[in-house]
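Structure first, then comments.
Quick note on labels: first sequence line is chain A, next is B, and so on, each numbered from 1. In this text the structure is predicted, and so the values were computed from the model without any measurement. Just so you know, these numbers use all the heavy atoms, side chains as well, and skip hydrogens, waters and symmetry mates.
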Number of protein chains: 2
Amino acid sequence: MANRTKRGSENLESLPRMTRTLRLAAAQMGPTQRADSRAQTLQRMIAMLDKAAADGAGLVVFPELAFTTFFPRWMMERQELDAFFERAMPNPQVQPLFDRARALKVGFHVGYAELTDDGRRFNAAVIVGRDGRILSQYRKVHLPGTQEPRPGPGFQQLEKRYFANGDLGFRAFRAPPDLGRAVMGTLICNDRRWPEAWRVLGLQGVELVCCGYNSAAFDPYGRNNEDERLRTFHSTLVAQANAYMNSTWAVCVAKAGIEDGAGLIGGSVIVDPNGRVVAEAKTTADEVLVADADLDLCRHGKEKMFDFAKHRQPHAYEMIVRQMGAVAPD
Amino acid sequence: MANRTKRGSENLESLPRMTRTLRLAAAQMGPTQRADSRAQTLQRMIAMLDKAAADGAGLVVFPELAFTTFFPRWMMERQELDAFFERAMPNPQVQPLFDRARALKVGFHVGYAELTDDGRRFNAAVIVGRDGRILSQYRKVHLPGTQEPRPGPGFQQLEKRYFANGDLGFRAFRAPPDLGRAVMGTLICNDRRWPEAWRVLGLQGVELVCCGYNSAAFDPYGRNNEDERLRTFHSTLVAQANAYMNSTWAVCVAKAGIEDGAGLIGGSVIVDPNGRVVAEAKTTADEVLVADADLDLCRHGKEKMFDFAKHRQPHAYEMIVRQMGAVAPD
C-alpha cells in the first residue's frame with residue numbers, strides 16, 4: 001500500500017513530463033519532376049499528412065522546396081523562374097494542405113521558394129501550428145552553389161543566383177502547449193552542415209530543429225568520386241553530432257530520388273538529443289517516419305555536459321565572427 | 001610509349017602529394033593507477049613509441065595527462081597535487097621519451113599537467129617534431145567538472161579547481177616538411193565536444209587535429225544511466241562530425257580502462273576529412289593504431305562544400321561570441 005502510494009505520487013510528478021512528449025513525423029518526399037503539376041505534388045503531401053495523422057503525429061516535417069522540383073539545377077529566365085515561387089504563404093495553390101492539416105489538428109513544417117512583395121527571393125520555410133496559424137518563418141542563411149552558371153554539361157546549383165541570403169537569422173521560438181511548448185528552430189539543407197547555425201539555435205535552448213533538404217546524390221559536374229552513400233553518411237553525421245552538441249531533437253527530411261535525371265539522397269532521420277538516430281528512411285520515395293520525442297530528454301545534456309553558462313569560453317571563439325574565410329599559417 | 005610518357009608526367013605532378021602523406025599513430029594508453037611509478041608509465045609509452053616507429057609512423061599521439069593517472073578525480077592538497085605536475089617540458093622524468101623519439105626520428109603529441117614558474121596550472125599538451133624540438137604548446141580551454149568537491153561518495157571531476165582555462169587560444173601551426181607541412185592544431189578532451197574549438201582551428205586551415213582525452217565511462221556520481229557505449233559513441237561522433245565540417249584529419253586518443261575503480265572509455269580513433277573512421281581501438285588497454293593520412297584529402301572539402309570564404313555568414317553567428325549561456329524564449 002505504501003508502495004502504491006509512492007508510485008501514485010511519482011506518476012503525479014511525471015505528469016508535466018508526459019505533456020512534453022511530442023510525436024514527430026518526417027515526411028520524406030520522393031522526386032518531383034519538372035513536368036509534375038502543383039496539384040499532383042500537393043496530393044502526395046496531403047496523403048503523407050493523412051498517414052502521419054493516422055499514426056498520431058502532432059507535427060509533420062516536409063522537406064525544403066517541397067512544392068516543386070529542385071529548380072536551382074537549371075538556368076532560367078525570370079518569368080520561367082517565377083512559377084516556382086510563392087508570393088504568399090499560404091496561397092490558393094497550397095491552401096488545401098493548410099486546410100487538411102488544420103482539420104487533422106496536425107502542425108507542420110514546409111519549405112518553399114518565397115517571392116516577397118518587394119521582389120526579394122528567399123529559400124524559406126514555415127512552421128504551422130495545429131490550429132493552422134503560422135508560428136514562425138525562416139529564410140535559409142547558407143546558400144550553396146554559384147551565382148553564375150558553370151560551363152559544361154550537367155546540372156547547375158544556382159541557389160546563390162536565385163535566392164538572397166536569409167535575413168531573419170536563426171530564431172528559435174516557443175511552440176504552443178499542443179506542441180509541448182517545445183523551443184523550436186528551423187535550418188534548411190546546407191545550413192545543417194554549419195555548426196554555427198546549430199549553435200545559435202542551441203544558445204536559445206532549442207529542443208527541436210526542423211530541417212528539410214535537397215542534397216545531390218552525386219557531383220552534378222561529375223568532377224569527383226563522392227558517392228551517394230558517402231553523401232548520405234555526411235548528412236546523417238551532421239544531424240547526429242549537432243543534435244548531440246546542442247542537446248536537441250532534430251528532424252532532417254529529404255526530397256529524394258531522381259528528379260529529371262538528377263539524383264538526390266534520401267536518408268531522412270529523426271535524431272534524439274544524444275545524437276542517436278531513432279527513425280531513418282529506408283527508401284528514396286515518399287515515406288513517413290514517426291517517433292516519439294520526449295522533449296525533456298534535452299535537459300540532461302543542457303544541464304550537464306553542455307551547460308553553456310558553466311562551460312563555454314566565448315572569448316576564445318572571436319575568430320568565428322571576425323573572419324569569414326580560412327587563413328592558414330605560412 | 002605515348003601512354004608511358006603521360007603516366008610519367010602524372011607521377012611528377014603527384015610527387016608533391018606523396019610528400020603530404022603522413023603515417024599517423026594513435027597511442028591509446030590503458031589505465032595508470034595512482035600507485036604506478038612515473039618510470040613504469042614512461043616505459044609503457046616508450047614501448048608504444050617503438051611499436052609505432054616500427055610500423056613506420058611519423059607522428060605518435062599520446063593522450064591527455066599521459067604521464068599520470070587522471071588525478072582530478074580526487075580532492076587533494078597542494079603538496080600532494082604537485083607530484084602530478086610538470087614544471088618544465090621536457091624535464092628529467094620525461095626526458096627518456098623525448099630522447100627515444102628523437103633517436104627514432106618520430107614526432108609526438110603528449111598531454112600533461114603544467115605548473116608554470118609563476119604558479120599557474122594548466123591542462124596542457126605539446127607537439128614535438130621529429131628532431132625533438134617542441135613545435136607547439138596548447139592549454140586546454142574547456143575545463144569540465146567543478147571547482148568545489150561535490151558531496152557524496154564516488155569520484156570527483158575537479159579540473160575547474162586544479163587548472164586555469166587555457167590562455168593560448170586555439171592556435172594552428174604549420175609543421176615542418178618531415179611532417180608533411182601539415183597545418184596542425186591541438187584540442188584536449190572536453191574541447192572536442194565544442195564545435196567552436198574545431199571551427200577556430202578550421203579557420204586556420206587545419207589539416208590534422210590531435211586530441212587526447214580521459215573520459216568517464218560512467219557517471220562518477222551514479223546519477224544517470226549513461227553507459228560506456230553511449231559515451232564512446234558521443235566521443236566518436238564529435239570527432240567524426242567536426243573533422244568533416246572542418247575538412248581535417250583528426251587523431252583522438254584515450255587513456256582508457258579502470259583507474260583505481262574509476263572507468264574511462266577507450267574508442268581512440270583516427271578520422272579522415274570525410275568524417276570516416278579509418279582506425280579504431282579495439283581494447284581499453286595500451287594499443288597502437290596506425291593509418292596513412294593523405295593531407296591533400298582535406299582539399300576537396302576546403303575547396304568545395306566548406307569553402308569558408310564563399311559560404312560562411314559570420315554576421316549571423318554573433319550570438320556565439322556575444323552570449324555565454326543559453327537563453328530560451330518565454
Quick one: do T146(A) and K310(B) satisfy side-chain contact (heavy atoms from CB on, under 4.5 Å)? Show the steps, please.
CA-CA 9 Å; T146(A) 58; K310(B) 275 206 187 110; over 6 Å; no
By residue number, those in residues 323-330 of chain A with heavy atoms under 4.5 Å from heavy atoms of chain B are Q323(A), M324(A), G325(A), A326(A), V327(A), A328(A), P329(A), D330(A)
Only distances under 3.5 Å count here; give the side-chain donor-acceptor pairs of residues 314-322 of chain A to other protein atoms, sequence neighbours excluded, each with its distance to 0.1 Å.
from	atom 1	to	atom 2	distance (Å)
H315(A)	NE2	Q313(A)	OE1	3.2
Y317(A)	OH	Q313(A)	N	2.9
Y317(A)	OH	H142(B)	NE2	2.6

Rounding to 0.5 Å, atoms CG (N190(A)) and CE (M305(B)) come to a distance of 6.5 Å
The complete set of side chain to side chain donor-acceptor pair (under 3.5 Å) pairs with one or both residues in residues 166-177 of chain B, sequence neighbours excluded, reads R120(B)-D167(B), R139(B)-D167(B)
Does a side-chain heavy-atom distance below 4.5 Å link H311(B) with K160(A)? yes
If one checks every heavy atom of V183(B) against chain A at 4.5 Å, the contacting part turns out to be side chain
For this session: Please tell me if the side chains of R312(A) and E196(B) come closer than 4.5 Å, counting only heavy atoms from C-beta onward.
Result: yes
Residues of residues 242-251 of chain B with a heavy atom under 4.5 Å from any heavy atom of chain A, in residue-number order, are N242(B), Y244(B), M245(B)
Residues F233(B) and Q240(A): closest non-hydrogen pair is CZ-NE2, 3.6 Å
